**Student:** 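Provided herewith is a single structure, encoded as structure tokens, for subsequent inquiry.
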2 protein chains.
Amino acid sequence: MANDEKLGQILTQLDNGLDQALKRLVAFLAIPSISTDPAHKKDVRDAAEWMGTELESLGFNVKIHDTPGHPMVVAKSQPGDARSVLFYGHYDVQPVDPLNLWDKPPFEPEIQDTPNGPVIRGRGAADDKGQLMTFVEAFRAWKAVHGELPSDLILLFEGEEESGSPSLRPFLKEHANDLRASLAMICDTGMYSDGRPAITTQLRGLVGEEVIVRGADRDLHSGSFGGLAANPIMILAQALAALKDENGRVTLPGFYDGVEDLSDTLRKDWEALDFDASEFLGRVGLKTPIGEKGRTPLEMVWSQPTAEINGIAGGYAGDGFKTVLPAEARAKVSFRLTSKQDPAKIREAFRAHVQSFVPDDCRVEFHAHGGSPASVMDTSDAAFGAAKQALSEEWGRDAAYIGAGGSIPIAGDFKEILQMDSMLIGFGRDDDRIHSPNEKYNVESFAKGARSWARILATLR
Amino acid sequence: MANDEKLGQILTQLDNGLDQALKRLVAFLAIPSISTDPAHKKDVRDAAEWMGTELESLGFNVKIHDTPGHPMVVAKSQPGDARSVLFYGHYDVQPVDPLNLWDKPPFEPEIQDTPNGPVIRGRGAADDKGQLMTFVEAFRAWKAVHGELPSDLILLFEGEEESGSPSLRPFLKEHANDLRASLAMICDTGMYSDGRPAITTQLRGLVGEEVIVRGADRDLHSGSFGGLAANPIMILAQALAALKDENGRVTLPGFYDGVEDLSDTLRKDWEALDFDASEFLGRVGLKTPIGEKGRTPLEMVWSQPTAEINGIAGGYAGDGFKTVLPAEARAKVSFRLTSKQDPAKIREAFRAHVQSFVPDDCRVEFHAHGGSPASVMDTSDAAFGAAKQALSEEWGRDAAYIGAGGSIPIAGDFKEILQMDSMLIGFGRDDDRIHSPNEKYNVESFAKGARSWARILATLR
């Protein structure tokens, strides 16, 4: 009872403090912490320090750790006798180009009214600054009511999530004893649908590769050399086109090793979700699922691996026309992994595949960009059921166990390095435009997200 | 005899005037007349006016004609009773990117000493400003010796050759009576090899196409949508990769309609040239001919058609990594045509080919960039033999009849619209790096080129 009473006060506290909370988020979003772009190195640090100051003001014991890349922010509450829980989020954001497609400058965030209610518009609003602030605000309200923070909390904020987290694993290993908790809470995922909360129990892994094919030592005139000299764009196009067969299946040898079929239970659960692919694709102007024939749309994004070309460049693509055979062409390719696929083997198979298209007088260069296996959570842990229940109460609808197409390597790293299970709870929407121009986060996601964490904390404390 | 004497004086005049002639060329090259880039529109006009002033000072009657694009410079010498001859060149140049690969700024031309003798370095030095100045300097010397210009000359200088010559055909039609001569001299080609002069008797045609594939109405997160949503880069890569089969043959239906095999005479002549493909490719860091199996290297560049990707762009190709499925991807593709291939049919076949790879929820857009058939000259005209003889005397080596892989649509347009044959004589070298960084023109090509025109004029006047 006492606890329920306190919880009620915390929820009220959150409701009354919403405007102030939004002001804090807007200030946080205004920092252009693009981790992949060296030009923004200082901005990333500024974001880390902004967060550090914020947490200190709440009474956390904060350390900002330097790494070879961007800083790690670690904060701890006072010790107690509760189950220790680590909360994770990332304070870095994606690049913003193409800038001309933004209605407002990406780092001048603002609250906008939309037909679906007010939203916070700006880069990072949903991925991940808006989301991580939901639990920070929950701690703030908890302290206001209890007079102290929830005990035995560890907060870990990363600044390299959008650039492959190069420093993360070494950091987890070096500070394992400091960071190990009995459970991790990761707030970087979405709800199943507007208004229907979810706990993500499986995530796809990721292998990123940049490939550069080099031919002649200069751009060549396509008249003088065309038909005789190798064209790096054609070599690259042929290698990439051959990654998939006519059924949408990836052709790399051994690519599907370790891919398990969906359990009957999960298959039934997912069928019950009544996912409408054409409606989902319709929101972005598409309609036809292009995945492997015979797979359901949810399998295509949640439990099947993919090969995608994320970027390509070569020769002259500007205004007008330039009849050259370019000296080089480059592409960025990423693979989403499921079940037990091995990132290292898939990287190896991709490089061998491309190499086989490169003639003896051309060269190819590869750069690895992150590699992480898929994660599948153990939902038998009682904390999962309790959190599912808390979410259902807050949102007034049954929370769902779902998969996610995106990759959150940290979940796999927590398991491997800290032997710690992760619970993935987030409040993103499919139309949040993460990684795209005009990214937004619904104010409802932010407000009820914070309330959800308050409820979940109550089940843990 | 009198004529031989005069010719001797003209050649001496050219030798003594070389330094001044180089100064004029350097001034001409300093004008950044990049026709394909709207930002350089005024520079292109400046180059036209520079040329107009130059020709007026020689006593030509000059008109600079406006067109919907860049100006046409037309100049005429006094009438006489000689065979009327039109000289053609283009005063526009290619774009300069990648700028960082230039040793010196492309529009700060200078004479540089090299192991192969002095060269004029700068964009346009060989293509085509340095070349067209060879006949302008020949006219200048002729006038100095004869007291007047050679009679019955028409000069035509174009400013859109590097951007598909959109205004050329309408202009030729509108001014046909003003421009028709009994023969055209085009100085925009190369010698067969260093020191061996040549007359180009066949040229490949060109069809240029820009293609843009559009998918979702925004860039998508490759985690949330990868495997389900169409990826325009993959669609484009698969369409372009399928343009050639494993034997290097173009797969478009009807592509080879009208392609004639080499005549036995020309095949023998070309074999006699002892073309060393690995040496030719070795100069640009390559070694293996990639053309259709069973073709000789000279056939690949001179008498066989090609399909080449000149540029491609899509998604994020900058520093770092961005896991998007881009909203669009674009490429520039060009086809070199031979014999009687029909540009319109090939453009149509290409568009149908790409269209067949585009799923029903994506769109494709095409932009035509010039289309011209191949040209094959009638070498039975006595002027060819006389010019061949004059070139052989100037260079002390037998001039060769050769083919060219490049496209000079003007030759076909002259034939079609003005019923006028063209003689293609130029002094470019294979290592001139035309269309590439550090373009140059050998001073020897410039000096002996002008002397060659003086000799050829003597055979015509």
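Just so it is clear: chains get the letters A, B, ... in the order the sequence lines come, proteins before strands, and each one is counted from 1. Computed from a prediction, not measured in an experiment: that's the story for all the values here. Note that these values count all heavy atoms, side chains included, but never hydrogens, waters or copies made by symmetry.
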**Student:** When you compare the side chain of B/Asp97 with that of A/Tyr316, does any pair of heavy atoms fall below 4.5 Å?
**Tutor:** yes
**Student:** Can you tell me how far apart CZ (A/Arg283) and CG (B/Asp217) are? Round to the nearest 0.5 Å.
**Tutor:** 12.0 Å
**Student:** Would you say the side-chain atoms of A/Glu308 pair up with the backbone N or O of B/Leu325, donor to acceptor, closer than 3.5 Å?
**Tutor:** no
**Student:** Can you tell me how far apart CZ (A/Phe275) and CG (B/Leu228) are? Round to the nearest 0.5 Å.
**Tutor:** 5.5 Å
**Student:** At a heavy-atom separation under 4.5 Å, does B/Ala229 approach chain A through its side chain, its backbone, both, or neither?
**Tutor:** both
**Student:** Top residue by heavy-atom pair count (under 4.5 Å) with chain B, among A/Gly208, A/Gly320, A/Cys362?
**Tutor:** A/Gly320
**Student:** When you compare the side chains of A/Asp319 and B/Thr36, does any donor N or O come within less than 3.5 Å of an acceptor on the partner?
**Tutor:** no
**Student:** Determine whether A/Phe321 and B/Asn310 make a side-chain contact, defined as any pair of heavy atoms from C-beta on separated by less than 4.5 Å.
**Tutor:** yes
**Student:** Examine whether an atom of B/Leu206 lies under 4.5 Å from a heavy atom of chain A, and if so say whether it belongs to the side chain, the backbone or both; otherwise answer neither.
**Tutor:** side chain
**Student:** Working to the nearest 0.5 Å, report the span between CE of A/Met234 and CD1 of B/Ile312.
**Tutor:** 9.5 Å
**Student:** Report the C-alpha separation of A/Val301 and B/Phe225 in whole Å, then their side-chain angles, then the decisive distance to 0.1 Å, and conclude whether the side-chain contact (heavy atoms from CB on, under 4.5 Å) test is met.
**Tutor:** CA-CA 6 Å; A/Val301 277; B/Phe225 288 88; 5.6 Å; no
**Student:** Counting heavy-atom pairs under 4.5 Å with chain B, which one of A/Gly285, A/Ala307, A/Ala313, A/Gly291 comes out on top?
**Tutor:** A/Ala313
**Student:** Given heavy-atom pairs under 4.5 angstrom as the criterion, report whether the side chain, backbone, both or neither of A/Val333 touches chain B.
**Tutor:** backbone
**Student:** So B/Leu286 and A/Pro359, do their side chains get closer than 4.5 Å, heavy atoms only?
**Tutor:** no
**Student:** Mind checking the CZ-CD spacing from A/Arg218 to B/Glu439? Nearest 0.5 Å is all I need.
**Tutor:** 12.5 Å
**Student:** Do B/Ile309 and A/Asn231 have side chains that get closer than 4.5 Å, going by heavy atoms?
**Tutor:** yes
**Student:** At a 4.5 Å cut-off on heavy atoms, which part of A/Glu162 comes close to chain B: side chain, backbone, both, or neither?
**Tutor:** backbone
**Student:** What option among A/Arg204, A/Gln304, A/Arg336 has the most heavy-atom pairs under 4.5 Å with chain B?
**Tutor:** A/Arg336
**Student:** Please state whether the side chain, the backbone, both or neither of B/Pro326 comes within less than 4.5 Å of a heavy atom of chain A.
**Tutor:** side chain
**Student:** Top residue by heavy-atom pair count (under 4.5 Å) with chain A, among B/Gly315, B/Ala241, B/Pro98?
**Tutor:** B/Ala241
**Student:** Find the one option among A/Pro289, A/Ser35, A/Ser224, A/Gly314 whose heavy-atom pairs under 4.5 Å with chain B are most numerous.
**Tutor:** A/Gly314
**Student:** Is it the side chain or the backbone of B/Leu101 that comes within 4.5 Å of chain A heavy atoms, both, or neither?
**Tutor:** neither
**Student:** If you tally heavy-atom pairs under 4.5 Å against chain A, which of B/Gly405, B/Ser334, B/Gly226 wins?
**Tutor:** B/Gly226
**Student:** Which residue out of B/Pro95, B/Ala404, B/Ser163 racks up the most heavy-atom pairs below 4.5 Å with chain A?
**Tutor:** B/Pro95
**Student:** Any donor-acceptor pair under 3.5 Å linking the side-chain atoms of B/Thr288 with those of A/Asp360?
**Tutor:** yes
**Student:** Only pairs of heavy atoms separated by less than 4.5 Å count here; which of B/Ile233, B/Thr306, B/Leu281, B/Asp219 has the most with chain A?
**Tutor:** B/Ile233
**Student:** May I ask you to name which of B/Asp37, B/Leu203, B/Leu220 has the most heavy-atom pairs under 4.5 Å with chain A?
**Tutor:** B/Leu220
**Student:** Out of A/Ser436, A/Pro437, A/Ala331, which one racks up the most heavy-atom pairs below 4.5 Å with chain B?
**Tutor:** A/Ser436
**Student:** Select one option (side chain, backbone, both, neither) describing which atoms of B/Asn438 are under 4.5 Å from chain A's heavy atoms.
**Tutor:** neither
**Student:** Can you tell me which of A/Arg330, A/Glu292, A/Arg214, A/Lys322 forms the most heavy-atom pairs within a distance under 4.5 Å of chain B?
**Tutor:** A/Lys322
**Student:** Can you name the closest pair of heavy atoms from B/Ile290 and A/Ala230 and give their distance?
**Tutor:** CG1-N, 3.8 Å
**Student:** Looking at B/His367, B/Met300, B/Gln238, B/Lys332, which one has more heavy-atom pairs under 4.5 Å with chain A than the rest?
**Tutor:** B/Lys332
**Student:** B/Glu246 versus chain A, heavy atoms under 4.5 Å apart: side chain, backbone, both or neither?
**Tutor:** neither
**Student:** What part of B/Ser222 is in contact with chain A, defined as an atom under 4.5 angstrom from a non-hydrogen atom: side chain, backbone, both or neither?
**Tutor:** both
**Student:** Given a strict heavy-atom distance threshold of 4.5 Å, which part of A/Arg433 is in contact with chain B: side chain, backbone, both, or neither?
**Tutor:** side chain
